[in-house]
Number of protein chains: 2
Amino acid sequence: MRVTADDVAARAGVSRSAVSRAFTEGASIQPDKRAHILQVAEDLGYRPNLMARSLTGGATGLIAVVVGALSSPYESWFLDILSQRIRSRGLWPLLVPVSPGQEIEPALDHALAYQVDGAVIAAGSVNQKLAERCTANGAPIVVVGRVLDGGGADSVCCDNRAGMAMIAERLVATGRRRIAWIGGRADTFSNVERFEGLTAALAAQGLALTDTRRGDYTTDSGMVQALALLTAPSRPDAIVCGNDAMAIGAIAAARRLGLRVPEDVGICGFDDIPAAAWEPFSLTTVANPVADTVDAALTLLTRRIAGEKGAVSTIRLPPALRLRQSL
Amino acid sequence: MRVTADDVAARAGVSRSAVSRAFTEGASIQPDKRAHILQVAEDLGYRPNLMARSLTGGATGLIAVVVGALSSPYESWFLDILSQRIRSRGLWPLLVPVSPGQEIEPALDHALAYQVDGAVIAAGSVNQKLAERCTANGAPIVVVGRVLDGGGADSVCCDNRAGMAMIAERLVATGRRRIAWIGGRADTFSNVERFEGLTAALAAQGLALTDTRRGDYTTDSGMVQALALLTAPSRPDAIVCGNDAMAIGAIAAARRLGLRVPEDVGICGFDDIPAAAWEPFSLTTVANPVADTVDAALTLLTRRIAGEKGAVSTIRLPPALRLRQSL
DNA sequence: CGCGGTTTTGAAAGCGTGTGCATTCATCGT
DNA sequence: ACGATGAATGCACACGCTTTCAAAACCGCG
C-alpha cells in the first residue's frame, strides 16, 4: 500500500541501495542518477520511512514535550515558543499532555517507547529515578521551570526569588503596607520559590505579609481569592499573585468592588504573559524570560543527545520587572 | 545500549517470540511464563520499540496535529482539548506547528514520513491534491475549522453563518443602527464565512455594515482597528469582530476612549474562548462548539483509519449565542 | 498406553531502511 | 597500452519487532 524504496528502485531501474543513497546527503552516487531517482520518487510520492531509518541506530528526531493544561495562557505561550524552536532545530515535538496532578511517568514511559531522542519536561513532578531511567534509555531529559532536587537532570529555570525581590522593592517604593499574597498549589516548585522569595525580600525591609490565600494559577481562582481578600475587614493595599493569570482575576475582582487599581489596591503578577500587556489590565509583573529559557533548555538537551557526559547543570535565568499601570 | 527483546529473552531463558507474545494482548502463552517475562522486562526497563513494531504493518498510533500560532488563545484552547482527546483514544499527537502564511505541505510531508496514522489539520490551507496524497500514503486527514473545496477530505466546522445570524438578530433587538465589522485575514475560510454570514443576515433585516476594517485575529489588531472606528466622524454603535481576541481588543479601545460598553457601543466576538467570560470583558459572543468539533473530527478520522471508504463527509456543528454584558 | 485435538513454543521470514564490503567501471598518469 | 586510483554500484546484513508455520508438549478419553 505505502510506496517503499523498492518501488522506486524498480520504477527507476536501479538497485534499492541507489535509492537510499539518493536520499542520503553526501553519499557516493552519480549526480544525474540521483536526480532521476529523486524525480521518480517525487512522481510516486515516496519519502523514506523515518521509523525504519531510525531502526538502524540513527536518531528519530523526536522530542517528547511534557506540558500541562494548555488552556492556561502561560503554558500555551511557552509551548508556542518551544514547539517553534524545536522545529527550527530540525526536530519534532511529540506532545505529551498531562493533567495537573496526573502522574507523568506512564505517559513519559510510553513516549520513550517511540524512541524519542530526548524530552523537555515542563509539567508534572519528576524525580531522580525517573530522570535516570530516561537517560539510561538513551533519551536525556531537561526539566524546565523547576530544579530537580537530587540533580538527576539538567534544568533551566527563572530566578523566582530575584523576581520577587524586584516586586518587593516596588511595593516598598509605592508605600504599600498591607500586602497580601495569592499563591498556587502548595506543592509546585514555582509557587514555593515565589512565596519564599517574596516573604524573604519583604522581611529584609521589615515587612510581612498580612494575609495569604491559595488559588490554582487560574484566572477564576485569582478572582475568587481576591474578592475574599478585598472584602475582608482589613483590606490589603497590595496583592501579589503567584502568576499573571491570577493577577488578572484579581484586577477583575477589584473592578467589580469598585476599587481603583493601583490607587486603592496595587496588583502584580509573575510571568508577563501576552495578556498582561493588554490595556484593560496593564499588569505590572515580572517578565519570565521564556524564549531564553527554551533556547537554553534545547541547547542543553541537544548537547546531551550528542553524547556529552558532564555533570548536570542548572541554569537560572534572570527575570525583569515590567512596570505597567497596576502597581 | 537500549535494552531489546533479545536481552529480555536471554535473561528470562525463553525465545524472543515468547517475549513478543508476553506483550501482545491475547497471544497464546502460558500465564506464569508471561508473568515471569513481564517481571524480567520490568527489571531491565524494557518496553517494545514502537518504531520497530509499526514496521511490520501495524499502526504507529501517531496523529499529526497541524496547528497555527499557539499564542492565539483560540488555537491553544483548541489544542488543549484536541490533545487530551487524542490521548484518551490511545493515540499520540505529533505536533506540527505552522506559522501563519507558511506553507503547510513540506511540514506535513515530513510528518507523513513518520508514518502517522492520520492527521488533524486546523491551520494552513490544504487543497484537494494534498489531501489525496495523504490518503494515498495511508494517512487520512480531517480538516477542522474550514471546508475543503473540491471535497478531498472529511471536514468538521462550525456553522459560521448561523452564528452570525444570531448576532444580527441580537444587534437588531438592541436597536443598533450603525454597525461596523472588524475581520481577519481576507483569505481565511472562517473570516469569509463570518463576514458573508453577517452581511447576509443584516441585509435580510434591511441593514448594512457602515464600515469594515481588517485586523489579523490578534487582540492588538482588534484594538488598533477599533480605535480607528471609534474616532471616525460617524462612530458606530456596534462593532462585530471576526473572533473573540479582536473583540477583547475592541473593548479595550472603547474603554480607553471613555466609551461605555454596551451603552455607547456594543461589541461582540466569535468563538467564546475562555477569556471571553472574564469579568472585565464579559464578552457577548457566539460559542464555537470546540469539544464537539474535536470529537466529531476524531471519530471521522479513526473511522477512515480503520479503513472506511465512503464519500467524504462535511459536518457542520451549530454554534450558540452567549449573551453577556458587551452587547 | 495410544490417539485425536488443543495449547505452547521456537525458528524463521519478513517489515523498510542504512551501510560495510566486494566488485565493477571509468579515469588518469606513466 | 597498462596498471593504479578512485568513484559508483549492488549484495547482503543488521536494526527490533510481529507473525506464520511447523514441531513439540500437553490434555482427556477410550
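Since this is a predicted model, take the numbers as computed values, not measurements. Sequence lines set the chain letters: A, B, ... in the order given, protein chains first and strands last, and positions in each chain run from 1.
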Close N/O contacts between protein and nucleotides 6-8 of chain C (under 3.5 Å):
residue : atom : partner : partner atom : Å
C:dT8   : OP2  : B:S28   : OG           : 3.0

Nearest heavy-atom neighbours spanning [X] and [Y]:
| X | Y | value |
| --- | --- | --- |
| B:V147 | B:C157 | CG2-CB, 4.3 Å |
| A:A297 | A:V144 | CB-CG2, 3.8 Å |
| B:N288 | B:C158 | OD1-CB, 3.4 Å |

### Query
How do A:L50 and A:R21 order along DNA chain C: which one's closest nucleotide is nearer the 5' end?
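Looking at DNA chain C, the more 5' nearest nucleotide goes with A:L50.
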### Message
Quick check: do B:I63 and B:V116 have side-chain heavy atoms less than 4.5 Å from each other?
### Response
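No, every pair of side-chain atoms sits at 4.5 Å or beyond.
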### Message
Can you tell me if A:Y114 touches the phosphate of D:dG16, counting only side-chain N or O atoms and a distance under 4.0 Å to OP1 or OP2?
### Response
no
### Query
For A:S20 and C:dG18, is the shortest distance between a side-chain N/O and OP1 or OP2 below 4.0 Å?
yes
Looking at [options], which one has an atom nearest to any side-chain atom of [X]?
| X | options | answer |
| --- | --- | --- |
| A:S17 | D:dG10, C:dT17, D:dC17 | D:dG10 |
| A:A18 | C:dT17, D:dG10, D:dT18 | D:dG10 |
| B:R16 | C:dG16, D:dA12, D:dC17 | D:dC17 |
| A:S15 | C:dG18, D:dT18, D:dG10 | D:dG10 |
| B:N49 | D:dC11, D:dC17, C:dT17 | D:dC17 |
| A:T4 | C:dT17, C:dG14, D:dG10 | C:dT17 |

### Message
Under 4.0 Å, heavy atoms only, any strand: does A:F23 hit a base, just the sugar-phosphate, or nothing?
### Response
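No contact.
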### Flag, side chain of B:N49 to backbone of B:M51, donor-acceptor distance under 3.5 Å
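Judged by distance alone, yes, a pair lies under 3.5 Å.
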Starting from [atom2] on [N], measure out to [atom1] on [X] and report it in whole angstrom.
| X | N | atom1 | atom2 | answer |
| --- | --- | --- | --- | --- |
| A:D7 | C:dC15 | CG | P | 11 Å |
| B:Q115 | C:dC15 | CD | C1' | 11 Å |
| A:I37 | C:dG18 | CD1 | P | 12 Å |
| B:M51 | D:dC17 | CE | C1' | 12 Å |
| B:R53 | D:dG16 | CZ | C1' | 11 Å |
| B:L55 | D:dC15 | CG | P | 14 Å |

### Ring centers of A:F23, A:Y46 separated by less than 6.0 Å
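For A:F23 and A:Y46, the ring centres are under 6.0 Å apart.
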#### Entry: Full working for side-chain contact (heavy atoms from CB on, under 4.5 Å) between B:V67 and B:V120
CA-CA 9 Å; B:V67 79; B:V120 177; over 6 Å; no
